[in-house]
**Q** 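One structure, pasted below without further comment.
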Protein chains: 2
Amino acid sequence: MAEIAGLDTCRDTEVDEDRVAATVAWVGGVEEPSRVADLFRLLGDATRTRMLYALLEAGELCVCDLARAVEVSETATSHALRLLRTAGIVANRRAGRKVYYRLADTHVRLLLDVSGEHLRHGESAP
Amino acid sequence: MAEIAGLDTCRDTEVDEDRVAATVAWVGGVEEPSRVADLFRLLGDATRTRMLYALLEAGELCVCDLARAVEVSETATSHALRLLRTAGIVANRRAGRKVYYRLADTHVRLLLDVSGEHLRHGESAP
DNA sequence: TGTACATCTGAGCAGGTGTTCACATATTGC
DNA sequence: GCAATATGTGAACACCTGCTCAGATGTACA
């Protein structure tokens, strides 16, 4: 029943065995955790998060204005936006020489809201 | 109106100026983006995310079983759980020599759900 | 076309992060 | 008490990540 080789500690063989087996199969079989981690890693940087908050507040901003809003160099802003754009978190629109960025979909706003909710309420009931 | 020193590019002074000023004040004044980034950084690791998914599936697991479920050493599991516990993402319960971990609150499950939703639907309408 | 502006890109480097190793602590049963 | 199991801790290391710098690309206007 899927005894994992190489890890020989935890000698107990109680009733949790089947639950562990089912869990390892489920976690290992689906690639979702890895992709979710990739998404969270992008949001796990203060500069990028501040950019998202700025876009959430302003609706739409060009690179230079966004750079000033978060007080980061325009080059760093461009690098960050590239990552966010590739991941589909933000979308861009060209107007003349400027490129305006905005949040791509509502899921991002929801993630920010839920996170803020978590922080505000601290650790509450399960 | 809060011209940021040290960043002298982007010479345009169009109608967006006030919006930028308001945005920079809002983003800079609130520490929420930084704390949200800290939270997302914790979730931005594949090992930790798989642990959360395992706990989400199994409900409750001791360290050694969780280590086998995500196929990581028990030491690495303990280190990861310490970070998650300090952040209030997981909670623990001692039963004999074993320590059982579970998701701390419903916000984490919601974050995982919304993230999965985002990935499944890709980038849709704003 | 040439100049100025806005954005993008690649290389290089400092700082942060996750893992492993060795050891410490805690709990149970003899 | 002692031995065995389960978990926690700190240091060392390799790896990754985000920033800056220099330069390239794209766009508008004279």
Side-chain angles (χ1 to χ4, degrees), chain A residues 6-14 16 20 33-34 37-52 60-87 90-102, chain B residues 6-14 16 20 33-34 37-52 60-87 90-102:
Chain A
L7 295 174
D8 50 349
T9 42
C10 188
R11 311 188 178 282
D12 89 274
T13 318
E14 293 177 359
D16 312 289
V20 176
S34 177
D38 290 339
L39 171 62
F40 281 141
R41 187 184 307 125
L42 282 173
L43 306 179
D45 176 71
T47 300
R48 289 192 292 266
T49 305
R50 293 177 67 205
M51 289 180 181
L52 296 180
E60 199 181 43
L61 285 173
C62 66
V63 177
C64 61
D65 284 346
L66 181 57
R68 289 192 299 170
V70 300
E71 299 178 272
V72 175
S73 76
E74 297 181 8
T75 302
T77 303
S78 185
H79 275 292
L81 285 174
R82 193 165 94 94
L83 294 175
L84 294 174
R85 175 164 31 94
T86 303
V90 300
N92 56 359
R93 164 183 76 86
R94 174 142 226 149
R97 330 177 213 203
K98 296 191 178 182
V99 178
Y100 288 88
Y101 281 81
R102 63 184 183 278
Chain B
L7 294 173
D8 50 349
T9 41
C10 188
R11 313 189 177 280
D12 90 278
T13 317
E14 293 177 0
D16 312 287
V20 175
S34 176
D38 290 340
L39 172 61
F40 280 138
R41 186 184 305 127
L42 281 172
L43 305 179
D45 175 71
T47 299
R48 289 193 290 267
T49 304
R50 293 177 67 205
M51 289 181 181
L52 296 180
E60 199 181 44
L61 286 173
C62 66
V63 177
C64 60
D65 285 345
L66 180 58
R68 290 192 298 171
V70 300
E71 298 178 273
V72 175
S73 76
E74 298 181 8
T75 301
T77 303
S78 186
H79 276 293
L81 285 174
R82 193 166 94 95
L83 295 175
L84 295 174
R85 175 164 33 93
T86 303
V90 300
N92 56 358
R93 165 183 74 88
R94 176 140 226 151
R97 324 177 220 209
K98 296 191 177 178
V99 177
Y100 287 88
Y101 281 83
R102 64 184 183 278

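Just so it is clear: chains get the letters A, B, ... in the order the sequence lines come, proteins before strands, and each one is counted from 1.
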**Q** Among the candidates dA6(C), dT7(D), dT20(C), find the nucleotide nearest to the side-chain atoms of Lys98(A).
**A**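 Of the options given, the side chain of Lys98(A) lies nearest dA6(C).
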**Q** Looking at Thr75(A), I'd like to know whether one of its side-chain N or O atoms comes within less than 4.0 Å of OP1 or OP2 on dT7(C).
**A**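 It does not, given that no N or O in the side chain of Thr75(A) lies less than 4.0 Å from OP1 or OP2 of dT7(C).
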**Q** Based on the rotation axes of five pairs at each end, what angle does the helix from dT1(C)-dA30(D) to dC30(C)-dG1(D) bend through, to 10°?
**A** 20°
**Q** Rounded to whole Å, please give me the gap between CG in Leu66(A) and C1' in dC8(C).
**A** 15 Å
**Q** How long is the gap from CE on Met51(A) to CG on Leu81(A), to the nearest 0.5 Å?
**A** 5.5 Å
**Q** Does a side-chain heavy-atom distance below 4.5 Å link Val72(A) with Leu66(A)?
**A** no
**Q** When we call it a touch if two heavy atoms are under 4.0 Å apart, what does Thr77(B) touch: a base, just sugar-phosphate, or nothing?
**A** nothing
**Q** Has Ser78(A) got a side-chain N or O lying under 4.0 Å from the OP1 or OP2 atom of dT7(C)?
**A** no
**Q** What pairs with Tyr101(B) under ring-ring contact (aromatic ring centres under 6.0 Å, His included), at least two apart in sequence or on another chain?
**A** none
**Q** Less than 4.0 angstrom between a side-chain N/O of Thr47(A) and OP1 or OP2 of dC19(D), yes or no?
**A** yes
**Q** Counting just side-chain N and O atoms, does Tyr101(B) come under 4.0 Å of either OP1 or OP2 of dA6(D)?
**A** no
**Q** With rounding to the nearest 0.5 Å, note down the distance linking OH in Tyr100(A) to CG in Leu61(A).
**A**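 Answer rounded to 0.5 Å: 9.0 Å.
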**Q** To the nearest 0.5 Å, how far apart are CG in Leu83(B) and OG in Ser78(B)?
**A** 10.0 Å
**Q** Let me know, please, whether Asp45(A) or Gly96(A) comes out on the 5' side of the other along DNA chain D by nearest nucleotide.
**A**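 Taking each residue's closest nucleotide, the earlier one in sequence belongs to Asp45(A).
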**Q** Round to a whole Å and report the spacing from CG of Leu81(B) to P of dG8(D).
**A**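 Computing the Leu81(B):CG to dG8(D):P distance gives 7 Å.
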**Q** Would you kindly give the CD-to-C1' distance between Glu71(A) and dC19(D), to the nearest whole Å?
**A** 16 Å
**Q** Check the distance between dG18(D)'s P and Arg50(A)'s CZ and give it to me in whole angstrom.
**A**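 So the two atoms are 15 Å apart, to the nearest Å.
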**Q** Among the candidates dT5(D), dT7(D), dT19(C), find the nucleotide nearest to the side-chain atoms of Arg97(B).
**A**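 Looking only at heavy atoms from C-beta outward on Arg97(B), the closest nucleotide is dT5(D).
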**Q** If you compare every side-chain N and O of Arg48(A) against the phosphate oxygens of dG18(D) (OP1, OP2), does one of them come in below 4.0 Å?
**A** yes
**Q** What is the distance, to the nearest angstrom, from the CG atom on Asn92(A) to the P atom on dG26(D)?
**A**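 The answer, rounded to whole Å, is 15 Å.
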**Q** Separation of Arg85(A) atom CZ from dT9(C) atom C1', in whole Å?
**A** 11 Å
**Q** Could you give the CZ-to-C1' distance, from Arg41(B) to dG15(C), as a whole number of Å?
**A**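 To the nearest whole Å, that distance equals 12 Å.
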**Q** Atom OG1 in Thr49(B), atom CG in Leu42(B): separation rounded to 0.5 Å?
**A**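 Going from OG1 on Thr49(B) over to CG on Leu42(B), the span is 10.0 Å.
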**Q** Keeping the roles fixed (side chain from Arg94(B), backbone from Gly96(B)), state whether a donor-acceptor pair exists under 3.5 Å.
**A**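 Yes; at least one donor-acceptor contact below 3.5 Å.
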**Q** So does Arg82(B) get a side-chain nitrogen or oxygen closer than 4.0 Å to the phosphate oxygens (OP1/OP2) of dG8(D)?
**A**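 For Arg82(B), the contact criterion (side-chain N or O under 4.0 Å from OP1 or OP2 of dG8(D)) is not met.
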**Q** According to a strict under-4.0 Å criterion, is Arg94(B) in side-chain N/O contact with OP1 or OP2 of dT7(D)?
**A** no
**Q** Rounded to whole angstrom units, what separation is found between the OH atom of Tyr100(B) and the C1' atom of dA26(C)?
**A** 16 Å
**Q** Minimum heavy-atom separation for Arg41(A) to Arg48(A), with atom names?
**A** O-NH2, 3.3 Å
**Q** Compare the ring of His79(A) with the six-membered ring in the base of dC19(D) and state whether they stack (centres under 5.5 Å, planes under 30°).
**A**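 Ring-base stacking flag not set for His79(A) and dC19(D).
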